[in-house]
Every structure is written in C-alpha cells, then in structure tokens.
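Chain identifiers are assigned alphabetically (A, B, ...) following the order of the sequence lines, protein sequences preceding nucleic acid strands; residue numbering begins at 1 within each chain. In this text, all values refer to a predicted model and were calculated from it rather than measured experimentally.
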2 protein chains.
Amino acid sequence: MGTAKTEIFSTQHNEIARFAKALGHPARVAILQHLFKINTCVCGDLVVEIGLAQATISQHLKVLKSLGLIKGNVEGTSVCYCIDNENWAKMKHIISNFINQDLNTQSCC
Amino acid sequence: MGTAKTEIFSTQHNEIARFAKALGHPARVAILQHLFKINTCVCGDLVVEIGLAQATISQHLKVLKSLGLIKGNVEGTSVCYCIDNENWAKMKHIISNFINQDLNTQSCC
DNA sequence: TTATTCCATTGCAATATTACGATTAATTGA
DNA sequence: TCAATTAATCGTAATATTGCAATGGAATAA
C-alpha cells in the first residue's frame with residue numbers, strides 16, 4: 001500500500017486529486033506564487049527565493065513541470081521557468097468547478 | 001525528512017497547501033462529491049459508495065474532519081456526515097484567490 | 001442480558017514524499 | 001583547453017500516506 005487505488009475512481013476525481021496534490025506543498029505554492037508575482041520567467045533565483053536546497057527545489061519544479069503547470073526554457077547556463085498559461089487555465093477550471101459547488105439546501109446536521 | 005519545512009513558508013502558503021493536500025486524494029474528492037450530490041447528510045453508505053475498506057474510509061473522513069471541511073453527527077448507531085459550509089467557503093476563497101491569479105503579461109518563454 | 005450494527009482506532013506492511021549531499025552534464029568565459 | 005556556473009539526477013535517510021484486518025466502544029434490537 002501507500003499507493004492510492006486510482007482505478008476505482010473516475011477520471012475526473014483522479015484529475016482533481018492530481019492537480020490538488022501538486023498544490024499540496026508550501027514550497028510548490030511559493031514557487032508558483034513567485035512566478036506570478038514577478039510576472040515573467042524566473043532564471044535561477046528560485047533556490048535563494050524559496051530557501052531550500054537546490055536539489056529539493058529541482059525536485060519540486062519537476063513535479064510542477066510534469067503536470068504541465070510550468071514550463072522551463074534553457075537560457076545559456078541557466079533555466080528559466082514560467083507558468084504554462086494553457087495548462088494553468090485547465091487546472092483552474094477543473095479545481096474551480098469542484099470547489100465552487102454549493103449546497104442547494106441547508107445542511108441537515 | 002519526509003516532513004515539509006513549513007516553518008520557512010508564509011502562513012498563507014501553508015494554508016493553501018494544507019487545503020490542497022486534503023483534496024489531493026481521489027477518495028476524499030469522491031467523498032466530498034457524494035456529499036454535494038445527495039445534498040444532505042450521509043449516514044453510513046460511504047463505504048459502499050466509495051469502495052474502499054471501512055477503516056480506510058474512516059481515515060479519509062478524519063482528514064476531512066480535522067480540516068473542518070465536513071462535520072459528523074452521531075445518529076443512533078450510525079454517524080451522519082455533511083459539508084461544513086462555513087469552512088468550505090473559507091477553503092474556497094483561499095484556494096480560489098490563489099488559482100485565479102492571472103499573468104498580466106505574456107509568458108516570456 | 002446478549003447479539004448486532006456501525007464506526008473509530010490500533011497495528012502493520014507497502015509505498016510515496018520530502019530533503020539534501022554528492023555527482024554529473026551542459027554551457028559559458030577566460 | 002580548462003575552470004566556473006547552473007541545474008538535473010542519483011543515492012540515501014527520515015517521515016508521511018495509503019490501505020486493510022483486527023479490535024474495541026457505543027447504541028440499538030432481540
């Protein structure tokens with residue numbers, strides 16, 4: 001175990017969970033927030049900015065990249081990262097649709 | 001390790017991550033979705049509905065309850081769960097504010 | 001009381017995640 | 001060419017998560 005039984009859930013539920021999981025670590029939230037804040041691509045200063053070891057940041061970037069939320073471009077000896085607008089929008093819709101549900105009735109308990 | 005270094009991140013980033021993490025498992029997504037769908041409290045049929053062992057469901061419910069997203073009421077020999085509207089709204093705002101950010105400029109890469 | 005039902009908790013095994021030092025690969029600058 | 005810089009990857013340790021069988025506690029039904 002330790003592995004989620006994804007096969008018993010719908011594609012939709014698995015997809016919501018996959019995106020949510022990627023946002024489920026403060027370092028990844030901080031990375032994404034920084035990319036939004038500086039509003040351009042980030043080349044190299046993420047390690048300083050976030051305050052974790054280089055290997056650790058690289059691992060978090062890999063998670064975000066593998067989901068498509070960010071993309072990286074090699075610029076000489078450094079790599080520049082930025083939000084992938086298209087996939088970010090896709091994630092936004094999937095998560096929003098889920099969390100913006102409202103109860104039609106009062107909770108009974 | 002295996003433990004996130006939450007102390008180096010802002011309260012806001014940690015809070016976003018905490019909520020996102022709770023939504024980061026398809027079983028918990030399915031549980032919440034079911035609670036919205038039937039639009040009232042659920043007494044006892046979650047194990048059948050989701051298809052995991054009773055102990056496993058109980059554990060997922062505990063995660064959701066400890067974050068305040070759901071609440072449970074004892075009704076005789078069973079327990080009824082429902083969405084906690086107040087905390088759900090709080091989560092909704094926190095997550096929405098984060099994911100609804102838009103880039104002012106084109107990505108440079 | 002005794003059996004039953006429902007659910008939480010405990011204990012455990014398998015796997016995943018987080019973090020980092022060390023190494024490697026690629027590029028640039030001298 | 002050779003050092004320096006940057007970031008990915010490897011290896012490893014510590015901890016967290018997932019899942020389930022077994023157990024236990026609380027309420028109900030007989």
Do any side-chain nitrogens or oxygens of A/Lys21 fall under 4.0 Å of OP1 or OP2 in D/dT17?
no

Could you please name the option among C/dA8, D/dT9, D/dG19 that lies closest to any side-chain atom of B/Tyr81?
C/dA8

I want to know whether A/Phe36 and A/Trp88 have ring centres closer than 6.0 Å.
yes

Where the side chain of A/Ala55 is concerned, which of C/dC20, C/dA19, C/dC6 is the nearest nucleotide?
C/dC20

By the 4.0 Å heavy-atom rule, please label A/Thr56 as base, sugar-phosphate, or nothing.
base

Counting only side-chain heavy atoms from C-beta out, which of C/dT9, C/dA19, D/dT9 sits nearest to B/Ala4?
C/dA19

Quick note, A/Leu61 side chain, CB onward, closest among C/dA8, D/dA8, C/dC7 is D/dA8

Counting neighbours of NZ on B/Lys92 that are heavy atoms of other residues, nucleotides or ligands and sit closer than 6.0 Å, is the number greater than 12?
yes

What's the CG-P distance between A/Asn73 and D/dT6, to the nearest Å?
18 Å

Rounded off to whole Å, could you give me the CD1-to-P distance for the A/Ile31 and C/dT18 pair?
11 Å

Could you tell me whether A/Leu52 contacts a base, only the sugar-phosphate backbone, or nothing, with contacts defined as non-hydrogen atoms closer than 4.0 Å?
sugar-phosphate

Applying a 4.0 Å non-hydrogen cut-off, can you work out what B/Thr3 is touching in the nucleic acid: base, sugar-phosphate, or nothing?
sugar-phosphate

B/Leu64 CG - D/dT17 P separation (whole Å):
13 Å

Nearest-Å distance for atom pair CD1/P, residues A/Ile57 and C/dT18:
12 Å

Of all the nucleotides listed (D/dC20, C/dA19, C/dA8), which has the minimum atom distance to the side chain of B/Lys65?
C/dA8

In whole angstroms, the gap separating C1' of C/dA8 from CD1 of B/Ile70 amounts to 13 Å

Proximity to the side chain of B/Gln59 - top-ranked nucleotide from C/dT17, D/dC20, C/dA22:
D/dC20

Any side-chain to backbone donor/acceptor pair from A/Asp84 onto A/Lys71? Under 3.5 Å, distance only.
no

For the side chain of B/His25, counting heavy atoms from C-beta on, which of D/dT18, D/dC20, D/dT6 is nearest?
D/dT18

Could you work out which one of C/dC6, D/dT9, D/dG19 sits closest to the side chain of A/Lys62?
D/dT9

A/Leu46 CG - D/dT6 P separation (whole Å)
13 Å

Taking only side-chain N and O atoms of A/Thr77, does any of them lie within less than 4.0 angstrom of OP1 or OP2 on C/dT27?
no

Under 3.5 Å donor-acceptor pair, A/Gln54 side-chain atoms to D/dA8 base atoms:
yes

A/Asp45 side-chain N/O to A/Val48 backbone N/O, donor-acceptor pair under 3.5 Å:
no

Just how far, in rounded Å, is C1' of D/dC20 from CD1 of B/Ile50?
17 Å

Looking only at C/dA8, D/dA7, D/dG19, the nucleotide nearest the A/Val79 side chain is D/dA7

When B/Ile99, B/Ile94, B/Thr11, B/Asn97 are each screened for side-chain contact (heavy atoms from CB on, under 4.5 Å) with B/Ile16, the one that passes is B/Ile94

Expressed as a whole number of angstroms, how long is the span from B/Ile8:CD1 to C/dT18:P?
13 Å

Taking only the side-chain nitrogens and oxygens of A/His60, find out if one of them lies under 4.0 Å from OP1 or OP2 of C/dT17.
no

Check for a donor-acceptor pair, side chain of B/Arg28 on one end and backbone N or O of B/Leu23 on the other, with a separation under 3.5 Å.
no

